[in-house]
There are 2 protein chains.
Amino acid sequence: MILKSQVEWVLHCCAILSALPENKYLATKDLAEFHGVPKEYLSKALQSLSQAGLLVSTLGPSGGYRLAKSPSDITFLDVIEAVEGNTPTFACTEIRQKNPCRPKGYCEPAPCGIARVMWEADEAWRQSLRAVTLTDLSRMLTEGVPPALLQKSFEWIMART
Amino acid sequence: MILKSQVEWVLHCCAILSALPENKYLATKDLAEFHGVPKEYLSKALQSLSQAGLLVSTLGPSGGYRLAKSPSDITFLDVIEAVEGNTPTFACTEIRQKNPCRPKGYCEPAPCGIARVMWEADEAWRQSLRAVTLTDLSRMLTEGVPPALLQKSFEWIMART
DNA sequence: TCCTTAAGGATAAAGAATATCCTTAATTAT
DNA sequence: ATAATTAAGGATATTCTTTATCCTTAAGGA
Ligand code: FES
Ligand code: FES
């Protein structure tokens with residue numbers, strides 16, 4: 001059980017977009033090149049973020065994506081669920097109903113205890129991811145990085161907005 | 001991203017094995033029949049639990065599996081990791097190293113902030129699963145179930161040990 | 001000696017993740 | 001107007017994982 005590689009991609013993309021000035025857009029092509037990932041496939045992931053209301057897109061030259069809201073209003077969980085969906089990581093198939101001793105038509109006390117434990121763990125995971133915003137992300141990704149590299153990267157991005 | 005169906009299977013199997021008297025074994029065939037799942041494939045999962053030191057197996061007629069230790073010493077996480085492995089659910093591919101502005105040979109402050117957040121969430125998930133033992137499981141799976149059904153199921157199992 | 005069982009290897013089928021290509025419509029630059 | 005650029009989305013291909021079955025071997029019990 002492993003998250004899609006797209007999750008890493010879009011989180012890094014969000015970090016870039018967080019640094020963009022208001023009403024500036026950055027194209028998929030540039031985000032793909034910056035991160036060394038396939039443009040077409042990254043595009044699918046960004047479309048998901050757009051549909052989830054996290055990004056705003058615009059067409060034509062100088063088009064691309066920007067954040068739909070303040071970085072402080074977008075959490076890791078928002079981004080991850082946009083790509084992975086929000087279905088629980090544990091799917092109960094109700095195998096308890098296969099119990100050969102079960103009376104026909106018997107109705108189990110719902111939901112199964114196992115599923116409850118699994119869903120609680122799932123919620124702990126989500127809660128942890130809800131607690132981190134793109135603002136936190138920007139801070140984390142910049143600290144300890146040489147100012148010269150940050151500056152150069154910023155200019156690389158700005159040259160393409 | 002979804003857990004293997006085997007996870008649900010083996011957790012239910014562990015609940016059954018928890019109810020077994022000391023030094024009694026239950027065969028894969030019976031566990032598979034009780035839960036209505038394919039015997040051969042369930043067998044692979046039980047082998048994993050055995051290799052993880054959670055179950056003890058014995059051969060021949062009246063052979064099968066029993067718990068290797070007290071139900072209170074086996075957690076959900078133990079069982080799940082035996083089946084799913086213990087690799088983190090987020091795999092960082094270090095795409096930050098693809099940054100075109102990065103000086104050749106530059107060494108990033110390890111690990112990436114994104115990976116740290118993801119691994120922390122992963123740990124929250126694991127912590128939640130570590131807090132529940134097979135003893136808790138037995139209680140959860142029996143409460144609210146009619147005593148007659150519990151009794152009948154117990155007899156079904158005992159008849160095959 | 002015969003039957004039952006776990007262990008484990010080989011293989012196949014189904015599904016999900018990864019990736020590419022192409023068309024369409026909107027927007028901008030010329 | 002025209003041409004270039006871009007996101008959106010459909011179709012399809014490839015690879016990997018999950019799910020499943022089959023078969024052989026060795027151990028244990030009747
Ligand atoms: S029946 Fe699905 S987890 Fe118990
Ligand atoms: S480089 Fe992998 S998560 Fe940042």
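Naming convention: chains lettered A, B, ... in sequence-line order (proteins, then strands); numbering from 1 in each chain. Treat the numbers as computed from the prediction; the structure is a model and nothing was measured. Values below: all heavy atoms of this structure, side chains included; hydrogens, waters and symmetry mates excluded.
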| query | Does D:dA30 have a Watson-Crick or wobble mate here (both distances under 3.5 Å), and if so which one? | reply | C:dT1

| field | Integer-rounded Å distance: C:dT5 C1' and B:Y65 OH | value | 9 Å

| Under 3.5 Å, is there a donor-acceptor pair linking the side chains of A:Q51 and A:Q47? | no

| field | Side-chain ion pair, B:E33 and A:K98, N-O less than 4.0 Å | value | no

| query | So with a 6.0 Å cut-off around CD of B:E84, is the heavy-atom count from everything else above 12? | reply | yes

| Between A:K4 and B:Q47, which has a closest nucleotide on DNA chain C that is more 5'? | B:Q47

| task | Using a strict cut-off of less than 4.0 Å between a Lys/Arg side-chain nitrogen and an Asp/Glu carboxylate oxygen, indicate whether B:R130 and B:E123 qualify as a salt bridge. | result | yes

| query | Going by atom types only, do A:S70 and A:D73 share a side-chain donor-acceptor pair under 3.5 Å? | reply | no

| task | Under 4.0 Å from any atom of DNA chain C, heavy atoms only: list the residues of residues 30-43 of chain A that qualify, in numerical order. | result | A:P38, A:E40, A:Y41

| request: Let me know the distance between CG of A:L55 and P of D:dT6, rounded to the nearest Å. | output: 17 Å

| task | Kindly say whether A:Y106 contributes a backbone atom to a donor-acceptor pair with the side chain of A:R102 at under 3.5 angstrom? | result | yes

| query | Base, sugar-phosphate, or nothing: which does A:Q51 touch, judged by heavy atoms less than 4.0 Å apart? | reply | sugar-phosphate

| task | Using a strict cut-off of less than 4.0 Å between a Lys/Arg side-chain nitrogen and an Asp/Glu carboxylate oxygen, indicate whether B:R66 and B:E22 qualify as a salt bridge. | result | no

| Is a side-chain donor or acceptor of B:T142 paired with a backbone partner of B:S138 at a separation under 3.5 angstrom? | yes

| request: Give a yes/no on whether any side-chain N or O of A:S50 is located under 4.0 angstrom from OP1 or OP2 of D:dA7. | output: no

| request: Look at all strands and tell whether A:K29 reaches a base, only sugar-phosphate, or nothing, counting heavy atoms closer than 4.0 Å. | output: sugar-phosphate

| message | Closer than 3.5 angstrom, by distance alone: can the side chain of A:S128 be matched with the main-chain N or O of A:A124 as a donor-acceptor pair? | response | no

| query | So, is B:S5 near the phosphate of D:dT19, with a side-chain N or O under 4.0 Å from OP1 or OP2? | reply | yes

| task | Grab the CD-P distance between A:E84 and C:dA17 for me, whole Å please. | result | 7 Å

| Whole-Å distance separating the CG atom of B:L26 from the C1' atom of C:dT4 | 14 Å

| request: Nearest whole angstrom, please: distance from the P of C:dG15 to the CD of B:Q6. | output: 17 Å

Can you tabulate the close N/O pairs, meaning under 3.5 Å, that link protein atoms to atoms of nucleotides 25-30 of chain C?
none

| query | D:dT18 P sits how many Å from B:W9 CH2, rounded? | reply | 13 Å

| query | When the nearest nucleotide of DNA chain C is assigned to B:K44 and to A:L3 on a heavy-atom basis, which residue is associated with the more 5' position? | reply | B:K44

| message | Please report the distance, rounded to the nearest Å, between CZ in A:R160 and C1' in D:dT5. | response | 16 Å

| Spacing of A:I2 atom CD1 relative to D:dT15 atom P, expressed in whole Å | 20 Å

| message | Could you check whether A:W119 and A:F90 have their ring centres less than 6.0 Å apart? | response | no

